Amino acid sequence: MLRRARHFLPAKSRRRRQPQPKAPADTPTPTYTRDIVRRVNTILRDHPWSEARPLLLSLPGLIWDSHTVARVLKTHPPLQKAFLFFRLASSPAANPRATFRHDRYTYTSMLHLLGEAGRVPAMLRLLAEMLRARVDPDAATFTTVMHWLARAGDVDAAMRVWEEMRSRRGRCRPTLVSYTACVKILFDAGRAAEGRRVFEEMVAEGLRPSCTTYTVLIEHLADAGKFKATLEIMSNMRDAGVEPDKPLCNILVQKCSRAREISVLTLILQYMKQKLIVLRRPIFLEALEALRASGESDSLLREVNPHLAFEGIEYDPTFSHLGYITDRSVIIYFLAAKNWSAIEHMINELNTRNVKFESQILSDIIQASCANCRPSCGLTVLYYSLKVGTELDRSAYSCLLGQYIRNDSFDLVFKIVEGLIKSGCDLGSYLLSVLILRLGCAGHSSYATNIFRLSSADQNVITYTALMSAYFQVGEVDKALELFSQMITNGISACAGTYEVLIYSLQMAGRKRDSEHYRRERMEMQWKHQYCDEHSLEDSLCNHLFCGFHG
C-alpha cells in the first residue's frame, strides 16, 4: 500500500502564542477569612474595648456575617469582649442596613463561651433571647446548654433541655453527639438505668455508636468495677469496625491501675503494642506503680512506651551505653515491621560492642522470627544472648528448637542445647524429655544420650523414661533395660509411665517374657500404692507423657 509523501500534505499554519495580559499593578491582594479572624482576635486580646471598638469598625475586609462572627467567637477571646463583639455585630454601627441578624450558629458559639465560663444564668438568658428572636435552636445548641447545665450540677435542668429537644422531632432531631452527651450526663450522675435506656433509644434510631460513645460506656463500667464487661464492650466495638483510640486506652489503663486489675491491664497493653498506641506520662507512672505493687513484670509496659522506657529505672551499669535507648527503639520498630535482616544486622553489631539487652525483647524476636519462618534471625539472637549472659524465656527456646527439629537439623539442635546447658540455662525436665523423645523418634539416640548426660541436674524419672523410649525407638533394647536398672540403682523409683514404655516396647521387640515380668512389677507397684493418693510432680508429669504410650 502506497504512502503519501509528506510534501503532498497541505501545510499547517503555525499558531502563534498570544501574549498574556499583564495584571495591572494596582490589583488588590485577596483577603482571606482566616486573616480577618486572626486580626479581630488580636484586637480583642490586645486592646481595651474603648480602643477595640473603633478599630473593629474600621478594619478593612471585615464582613459582618454569621460565618465570620461565629469563627471569631470560636477563637475564645476574653469573655466580656466576646460578648460586646457579639452585640456589636448586630448593632446599627456595624450593620447600618440591618442586613445581619444572629442565627443559631452565632448564638450557639456565644452560649458555649458563657457556659464554659460558668455563667449559667447568663447562658439561659441568652437562650431565652434566642427563642424570643424566633431563631430555632438546633441539636448543637441544645447539646451545648445541656452539657454546661450538667457541669454546673443541675442534672434535672439538663434533662429538661433533653426532653425539649426530643419533643422537637420535626424541627430538631437529636444527633449521635447529643445522645452521647446525654448518656454521659446520666452515668456521671449515677442514673445508670436511664443512661442505658437512652443508649438503647439511640441504637433504635439507627445511629451507629462512635468511639466516644463506647468510651462513655466503658468508663462507666470500669468505675463500677466491671472490667470483664469492659473487655466485652471493646470486643463488640472492634467487631462493629470501631477501633479503640488513644484516649480510650489511656482511660482504661488508668482505671485498671487504680483497681489493680493486672490481667485486664495486660490485655490492653497488648492491644496498644499491636496498634502502636502510647500512654501519657502520668498514666504510665500509675501503671508502673500498680505493676510493681502486684509483683508483676513491667517489661510489656515499657515496650509499649519506648519514649518512657527509662522512667522509674535507677542507674543500671548493664544499660549504661549511651545509644542503648536508640538501639532499643530501632529494634522494636524493625520487629513491628518484621524486618528480620535489619534485626540480624543490629544484633550482630550489639554483639561486637558486647552490649547487654533486655531478655523480654530478645525472646519476642525469637518467637516472632520462628513464627514467620526466619529461624536464622532467632539463632543470631540466641548466640548473642549466650555471649552476653542474658537468659531468655523457655518459650523462646522451645520455638527455636521446634523450628529446627521440623527442618530435621538435629546436629544444630544438639549444638543449641549443648550451648544452653553449658551456659547454665535451666531448660526444665519437660522440655528436655520432649527433646530426647523427638531425637529418639528421628533415630538420633546418640544425641539424646549426650543431652541426657549433659543435663545432670535434671536426671529424674521423666528424662530417664524419655531416654529409654529413645533407645527402644532405634532398637537398642538392652541399652534401655540397662538404663532402667541404672535408674533403680540411683534410687529413682519407676512410675506407671515408665512401666508403660517398658511393657509396650518389649512386646513390640518380641520379648514377651521380659514384658510379662515388668507387667507383674507394675501390678505390685499399683498394689502398694492403691491406698496412697500422694504422687510427686515428676511422677504425674511422667504419667501424663507416657501413659497410653504407643511408640
Side-chain angles (χ1 to χ4, degrees), residues 66-67 70 74 103-109 111-112 115 123 127 130-131 134-151 154-224 226-252 255 268 271 274-275 277:
S66 172
H67 176 68
K74 287 178 180 178
D103 57 8
R104 61 176 181 269
Y105 303 108
T106 55
Y107 271 115
T108 302
S109 300
L111 288 169
H112 175 72
M123 179 184 70
L127 177 63
M130 176 181 178
L131 296 174
R134 296 184 179 180
V135 178
D136 286 334
D138 59 359
T141 309
F142 282 118
T143 305
T144 300
V145 175
M146 181 174 63
H147 171 75
W148 292 117
L149 282 172
R151 289 290 294 270
D154 197 348
V155 179
D156 293 333
M159 296 313 298
R160 287 195 294 271
V161 173
W162 168 253
E163 293 299 331
E164 174 66 21
M165 177 168 52
R166 291 176 70 247
S167 65
R168 295 172 171 242
R169 293 262 178 193
R171 294 173 293 170
C172 176
R173 182 182 180 185
T175 62
L176 176 63
V177 177
S178 306
Y179 275 107
T180 303
C182 184
V183 170
K184 180 172 177 55
I185 289 170
L186 292 171
F187 280 157
D188 291 344
R191 297 157 67 168
E194 296 180 48
R196 285 192 291 270
R197 285 198 294 270
V198 172
F199 180 78
E200 292 171 358
E201 178 185 335
M202 178 190 72
V203 176
E205 288 288 330
L207 296 174
R208 182 183 177 187
S210 64
C211 189
T212 305
T213 312
Y214 283 115
T215 302
V216 171
L217 293 176
I218 290 174
E219 189 174 4
H220 164 69
L221 292 172
D223 288 334
K226 300 177 181 179
F227 288 95
K228 291 184 178 179
T230 62
L231 293 179
E232 293 179 3
I233 294 292
M234 285 187 68
S235 177
N236 292 338
M237 68 182 290
R238 296 190 69 185
D239 292 340
V242 182
E243 291 292 336
D245 57 3
K246 181 177 178 179
L248 174 56
C249 292
N250 276 262
I251 289 171
L252 263 181
K255 301 290 185 184
I268 299 168
Y271 170 80
Q274 177 187 357
K275 298 295 182 179
I277 300 174

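All of these numbers come straight from a predicted model, not from anything done at the bench.
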Chemist: With rounding to the nearest 0.5 Å, note down the distance linking CD1 in I277 to OH in Y271.
Modeler: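 Spacing of CD1 (I277) from OH (Y271) equals 5.0 Å.
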Chemist: Salt bridge between R104 and D136, side-chain N to carboxylate O under 4.0 Å?
Modeler: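 No, R104 and D136 are not salt-bridged.
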Chemist: Is the closest side-chain heavy-atom distance between P174 and T143 below 4.5 Å?
Modeler: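 Side chain of P174 against side chain of T143, heavy atoms only: no contact under 4.5 Å found.
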Chemist: Tell me, please, which residues at least two apart from R166 pass salt bridge (Lys or Arg N to Asp or Glu O under 4.0 Å).
Modeler: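 R166 satisfies salt bridge (Lys or Arg N to Asp or Glu O under 4.0 Å) with E163, E201 once adjacent residues are dropped.
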Chemist: Can you name the salt bridge (Lys or Arg N to Asp or Glu O under 4.0 Å) partners of E164, sequence neighbours left out?
Modeler: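 For E164 the salt bridge (Lys or Arg N to Asp or Glu O under 4.0 Å) partners, ignoring immediate neighbours, are R168.
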Chemist: Identify the two heavy atoms, one from S178 and one from M165, that lie closest to each other, and give their separation to 0.1 Å.
Modeler: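 Shortest heavy-atom contact: CB-CE, 3.8 Å.
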Chemist: Show the nearest heavy-atom pair for residues F199 and V183, with the distance to one decimal.
Modeler: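 It is N-CG2, 4.0 Å.
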Chemist: Sequence neighbours excluded, which residues qualify as ring pair (Phe, Tyr, Trp, His ring centres under 6.0 Å) partners of F142?
Modeler: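 If we apply the ring pair (Phe, Tyr, Trp, His ring centres under 6.0 Å) test to F142, skipping adjacent residues, there are no hits.
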Chemist: Tell me which donor-acceptor pairs under 3.5 Å the side chains of residues 229-240 have, and how far apart each pair is, sequence neighbours excluded?
Modeler:
from: T230; atom 1: OG1; to: F227; atom 2: O; distance (Å): 2.3
from: N236; atom 1: ND2; to: E232; atom 2: O; distance (Å): 3.2
from: R238; atom 1: NE; to: E243; atom 2: OE1; distance (Å): 3.3

Chemist: Applying salt bridge (Lys or Arg N to Asp or Glu O under 4.0 Å), can you list everything that pairs with D103, at least two apart in sequence or on another chain?
Modeler: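 Expected list: none.
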Chemist: Can you tell me if K74 has over 12 outside heavy atoms packed within less than 6.0 Å of its NZ?
Modeler: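 No - once you tally the heavy atoms of other residues, nucleotides and ligands closer than 6.0 Å, there are 12 at most.
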Chemist: Partners of S109 by side chain to side chain donor-acceptor pair (under 3.5 Å), sequence neighbours excluded?
Modeler: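 Not a single residue meets the side chain to side chain donor-acceptor pair (under 3.5 Å) criterion with S109.
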Chemist: To the closest 0.5 Å, what do you measure between OG1 (T106) and CE (M130)?
Modeler: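 It comes to 8.0 Å.
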Chemist: Measuring from atom CE of M202 to atom CG of L176, what distance do you get when rounded to the nearest 0.5 angstrom?
Modeler: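 These two atoms lie 6.0 Å from each other.
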Chemist: Sequence neighbours left out, what passes side chain to side chain contact (heavy atoms under 4.5 Å, CB included) with A204? Give chain and number order.
Modeler: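 Applying side chain to side chain contact (heavy atoms under 4.5 Å, CB included) to A204 gives none.
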Chemist: I need the minimum non-hydrogen distance between A181 and M146, along with the two atoms involved.
Modeler: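 Looking at all heavy atoms of both residues, the closest pair is CB-CE, 4.2 Å.
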Chemist: Among residues at least two apart in sequence or on other chains, which ones pass side chain to side chain donor-acceptor pair (under 3.5 Å) with T212?
Modeler: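 Testing T212 for side chain to side chain donor-acceptor pair (under 3.5 Å), a comparison that skips the adjacent residues, returns none.
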Chemist: List the atom pairs, donor and acceptor, that lie under 3.5 Å between side-chain atoms in residues 244-251 and the rest of the protein, sequence neighbours left out.
Modeler:
from: D245; atom 1: OD1; to: L248; atom 2: N; distance (Å): 3.2
from: N250; atom 1: OD1; to: R280; atom 2: N; distance (Å): 2.9
from: N250; atom 1: ND2; to: K246; atom 2: O; distance (Å): 2.8

Chemist: What's the spacing between R173 CZ and D138 CG if we round to 0.5 Å?
Modeler: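 Atom-to-atom, R173:CZ and D138:CG are 14.5 Å apart.
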Chemist: Quick check: closest heavy atoms across V242 and S210, and the distance to 0.1 Å?
Modeler: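 Looking at all heavy atoms of both residues, the shortest contact is CG1-C, 4.2 Å.
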Chemist: With sequence neighbours excluded, tell me which residues meet side chain to side chain contact (heavy atoms under 4.5 Å, CB included) with T144.
Modeler: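 Partners of T144 by the side chain to side chain contact (heavy atoms under 4.5 Å, CB included) criterion, ordered by chain and then number, come out as T108, H112, W148.
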Chemist: Among residues at least two apart in sequence or on other chains, which ones pass side chain to side chain contact (heavy atoms under 4.5 Å, CB included) with R191?
Modeler: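 For R191, the residues satisfying side chain to side chain contact (heavy atoms under 4.5 Å, CB included) (neighbours in sequence not counted) are V155, D156, M159, L186, A189, E194.
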Chemist: Not counting sequence neighbours, list each pair that qualifies as a salt bridge (Lys or Arg N to Asp or Glu O under 4.0 Å) and has a residue in residues 177-190.
Modeler: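 For residues 177-190, and leaving out neighbouring residues, the salt bridge (Lys or Arg N to Asp or Glu O under 4.0 Å) pairs sorted by first residue read K184-D188.
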Chemist: How long is the span from the CD1 atom in I185 to the OG1 atom in T180, to the nearest 0.5 Å?
Modeler: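 So the CD1 of I185 and the OG1 of T180 are separated by 11.0 Å.
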Chemist: Do the non-hydrogen side-chain atoms of L149 and M123 ever get within less than 4.5 Å of each other?
Modeler: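 Yes, their side chains come closer than 4.5 Å.
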Chemist: Look up atom CH2 in W162 and atom OH in Y179, then write down how far apart they are to the nearest 0.5 Å.
Modeler: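 OH of Y179 is found 5.0 Å from CH2 of W162.
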Chemist: Does a side-chain heavy-atom distance below 4.5 Å link L252 with I218?
Modeler: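 Yes, their side chains come closer than 4.5 Å.
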